[in-house]
**Q** 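Supplied in structure tokens, the structure appears directly below.
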Amino acid sequence: MATKELLKELYGKICAGRELRPSLIELKMQLKAEDNRRQFGAVCGGNYDPVMKCLADEDPKVRKNAAAVLGLLKLQESVDVLMDAYLAEDQLFVRPEYVKAMAGMDCGEYLDDFRERLEELSACDAPENEKKHIRAEMHELQELLLAKGGWKKHAFTGFECVNEVILTTPAVFRDLLAGEISSKKILLKSGIRTVTAHMEELLGCRLWREMLFVIHGPQNAPETAEELGAWLTGSDLMEILAKNHSGEAPWYFRISAGERRTEAMGGDFIKAAAQAVEEASGRRLVNSPSHYELEIRLAEKKDGGFLPLLKLYTLPDHRFAYRRYAVAAGMKPSLAAGLLALAKPYLKEYAQVLDPFCGAGTLLIERRFLTPVRNLYGIDVFGEAVAKARANTKAVGFQANYINRDYFDFTHAYLFDEIITDMPAGNGKAETDLLYRRFFEKSAELLAEHGRIVMYSGEMGLVKKYLRLQNRFRLLQEFCIQEKRGMYLFILEKKD
């Protein structure tokens with residue numbers, strides 16, 4: 001059945017009061033698509049009264065699904081009707097749906113009522129069989145109030161406080177990162193662990209990807225979601241938050257299982273863990289997946305259980321603030337900074353630098369941060385990428401020349417000292433082979449004698465093939481960046 005005909009049939013049944021529950025459930029599913037919402041408006045001629053009347057039906061599941069439909073339609077004229085139904089609702093499992101529906105509308109006049117209801121529920125000692133629904137209603141009220149009433153993150157002030165942190169970075173960058181930090185540190189597999197009272201120093205290092213604060217708690221690590229709340233209550237988490245910020249509780253958080261997430265730490269586990277933390281903290285920590293300012297990261301331990309770490313989104317990390325725009329396959333700035341830090345001994349100051357596949361300009365910008373350059377040139381066949389590169393470079397206050405052109409058609413009046421690039425992926429084996437052959441040929445034309453190529457690539461075989469066949473470059477150094485993906489950094493030099 002065509003969508004329009006189905007919507008018409010569903011609307012007819014609702015108007016006639018027939019098969020209300022299945023009709024509303026199906027309508028709810030259909031209205032998740034924007035086009036279907038527009039079509040439904042035409043089908044009903046703007047008369048949504050039959051749906052709103054369902055909020056008074058004797059079947060609570062009809063009321064719940066009617067509220068969901070109105071929420072999807074974002075009908076401003078239904079706000080008062082929804083609020084009246086919410087206040088009159090005697091079934092706890094239905095109440096969250098009213099709040100969720102009103103969250104998508106202008107309901108500012110009821111914010112005080114919502115705050116009062118949230119405080120009432122927070123103080124309520126509900127029976128065990130009601131807690132699930134109470135929590136769901138509290139969550140929806142909290143998200144609505146944060147979205148409508150606005151929220152302000154706590155201000156980070158702990159620049160001179162003593163903190164123990166883990167700075168994550170690919171293993172190949174670890175020693176370079178450690179060399180930039182003056183405090184004592186422990187080398188980890190993928191990062192370093194340090195205790196410091198000099199946060200500004202850490203915020204000046206471009207090689208780390210994430211900063212995770214170490215939480216010190218009871219000796220035995222939590223092993224279940226339910227144990228997490230008690231473990232954190234006995235930890236120094238609240239002390240870390242208080243000493244590094246101005247302002248009081250509540251703190252809005254989310255929980256994640258990080259990159260090593262297993263099936264045992266899936267969605268149900270995360271939900272249960274967040275609930276345990278919120279309850280154990282007396283709602284000084286409030287779970288808010290949409291409006292969080294801190295993240296409790298659960299890193300699994302080899303010997304069982306997990307280690308809770310803390311990521312602060314209040315931390316004023318402006319290292320890569322220039323990257324306002326990105327492209328789909330764009331390189332992360334911390335990776336670009338790390339690659340160039342590895343290549344630094346092979347680069348020179350005041351070089352003429354070219355990136356033939358520049359994307360949003362990240363590599364060129366990070367090259368400019370590394371040492372002074374004479375000129376930066378970026379080329380990309382995609383006009384959108386060039387526009388983003390120009391905007392990012394302007395944001396950081398650097399100068400670069402960006403050209404929307406195919407690299408293999410590019411010519412220039414003088415030769416370049418360096419070509420730096422993240423090699424694009426070809427579409428199939430033959431196309432990739434051709435790409436690398438042409439890249440080596442063109443780069444030999446554009447590089448000055450003893451000019452260098454800094455190339456990030458997942459095609460070691462092709463790099464070695466054309467080094468051998470064309471014999472125009474020598475390999476100075478190679479670094480394994482990501483072993484599992486076969487990603488390498490190659491430093492090449494043009495022969496005499």
**Q** Mind listing the closest non-hydrogen atom pair of A126 and I134 along with its distance?
**A** CB-CG1, 4.1 Å
**Q** Do T3 and Q30 pass the side-chain hydrogen bond (donor to acceptor under 3.5 Å, both in side chains) test, and can you show the C-alpha distance, the side-chain angles, and the key distance before you say yes or no?
**A** CA-CA 8 Å; T3 301; Q30 294 295 324; 4.7 Å; no
**Q** Distance only, no hydrogens: is a donor on one side chain within 3.5 Å (strictly under) of an acceptor on the other, for E201 and T196?
**A** no
**Q** Counting only heavy atoms not in Q482, do more than 12 fall under 6.0 Å of its CD?
**A** yes
**Q** If the plane angle is over 60° it's perpendicular, under 30° parallel, otherwise tilted; pick one for F269 and F306.
**A** perpendicular
**Q** Would you give the length of the straight line joining atom CD1 of I25 to atom CG of N65, rounded to the nearest 0.5 angstrom?
**A** 4.5 Å
**Q** Measure across L187 and A178 and return the closest heavy-atom pair with its distance rounded to 0.1 Å.
**A** CD2-CB, 3.9 Å
**Q** Less than 4.0 Å between a side-chain N and a carboxylate O, is that true for E120 and R117?
**A** yes
**Q** Which residues satisfy the side chain to side chain donor-acceptor pair (under 3.5 Å) test with T224, sequence neighbours excluded?
**A** none
**Q** Taking atom CE of M460 as the centre, report whether more than 12 heavy atoms of other residues, nucleotides or ligands fall under 6.0 Å from it.
**A** yes
**Q** Are there more than 12 heavy atoms of other residues, nucleotides or ligands under 6.0 Å from atom CD of E160?
**A** no
**Q** Side chains of E164 and T194: is there a donor and an acceptor less than 3.5 Å apart?
**A** no
**Q** Any Lys/Arg nitrogen of R254 or E295 sitting under 4.0 Å from an Asp/Glu carboxylate oxygen of the other?
**A** yes
**Q** Salt bridge check: are K100 and E140 linked by an N-O gap of less than 4.0 Å?
**A** no
**Q** Quick one: are Y110 and V99 in side-chain contact, heavy atoms under 4.5 Å?
**A** no
**Q** Could you tell me if E137 and Y98 have a donor-acceptor pair between their side chains, going purely by distance under 3.5 Å?
**A** no
**Q** Go through M105 and S78 one step at a time and tell me if the side-chain contact (heavy atoms from CB on, under 4.5 Å) criterion holds.
**A** CA-CA 9 Å; M105 309 170 195; S78 70; 3.6 Å; yes
**Q** Does E116 have more than 12 heavy atoms from other residues, nucleotides or ligands lying within 6.0 Å of its CD?
**A** no
**Q** How long is the gap from CD1 on I14 to CD on E19, to the nearest 0.5 Å?
**A** 11.0 Å
**Q** Give, for atom SG of C205 and atom CG of L207, the distance between the pair rounded to the nearest 0.5 Å.
**A** 7.0 Å
**Q** Should K271 and D268 count as an ion pair when the cut-off is N to O under 4.0 Å?
**A** no
**Q** Test: ring-ring contact (aromatic ring centres under 6.0 Å, His included). Region: residues 157-202. Which pairs qualify, not counting sequence neighbours?
**A** F156-F159
**Q** Check the pair L212 / L310 against side-chain contact (heavy atoms from CB on, under 4.5 Å), numbers first and verdict last.
**A** CA-CA 5 Å; L212 302 173; L310 175 66; over 6 Å; no
**Q** Kindly indicate whether the side chain of L144, heavy atoms from C-beta on, has any atom under 4.5 Å from the side chain of F114.
**A** yes
**Q** Are any of the side-chain heavy atoms of L24 and C54 separated by less than 4.5 Å?
**A** yes
**Q** E459: what forms a salt bridge (Lys or Arg N to Asp or Glu O under 4.0 Å) with it, not counting sequence neighbours?
**A** none
**Q** For residues A67 and L55, report the shortest heavy-atom separation together with the two atoms involved.
**A** N-CD2, 3.7 Å
**Q** Taking atom types as modelled, find out whether T314 and E293 have a side-chain donor-acceptor pair closer than 3.5 angstrom.
**A** no
**Q** Quick one about Y322 and E366 (side-chain donor to acceptor, distance below 3.5 Å, no hydrogens or angles considered), yes or no?
**A** yes
**Q** Kindly compute the distance separating CE (M52) from CG (D80), expressed to the nearest 0.5 Å.
**A** 10.0 Å
**Q** Provide the closest heavy-atom pair for G359 versus V327 in the form atom of the first, atom of the second, distance.
**A** CA-CG2, 4.3 Å
**Q** Should we count NZ of K53 as having more than 12 external heavy atoms under 6.0 Å?
**A** no
**Q** Please report the interatomic distance CD(E26) to CZ(R21), rounded to the nearest 0.5 Å.
**A** 15.0 Å
**Q** D106 versus V79: any side-chain heavy-atom pair under 4.5 Å?
**A** no
**Q** Only one of R284, R135, K131 forms a salt bridge (charged side-chain N to carboxylate O under 4.0 Å, His left out) with E279, so which one is it?
**A** R135
**Q** Within a 6.0 Å radius of atom NZ on K61, are there more than 12 heavy atoms belonging to other residues, nucleotides or ligands?
**A** no
**Q** Would you name the heavy atoms of R95 and E89 that are closest together and state the gap between them?
**A** NH1-O, 2.9 Å
**Q** Could you please spell out the steps behind the ring pair (Phe, Tyr, Trp, His ring centres under 6.0 Å) verdict for Y456 and F479?
**A** CA-CA 9 Å; Y456 183 59; F479 301 91; over 10 Å; no
**Q** Please indicate whether K243 has more than 12 foreign heavy atoms, meaning atoms of other residues, nucleotides or ligands, lying under 6.0 Å from its NZ.
**A** yes
**Q** Check E9 with K13, please: is the shortest side-chain N to carboxylate O separation under 4.0 Å?
**A** yes
**Q** Provide the closest heavy-atom pair for H245 versus L312 in the form atom of the first, atom of the second, distance.
**A** CE1-CD1, 3.8 Å
**Q** Between R297 and S256, is there a side-chain donor-acceptor contact under 3.5 Å, judged purely by atom types and distance?
**A** yes
**Q** Are more than 12 heavy atoms from other residues, nucleotides or ligands located less than 6.0 Å from atom CZ of R115?
**A** yes
**Q** Indicate the ring-plane relationship of W251 and H154, choosing parallel, tilted or perpendicular according to the 30° and 60° boundaries.
**A** parallel
**Q** L298 versus I296: any side-chain heavy-atom pair under 4.5 Å?
**A** yes
**Q** Do V165 and R193 touch side chain to side chain, with heavy atoms closer than 4.5 Å?
**A** no
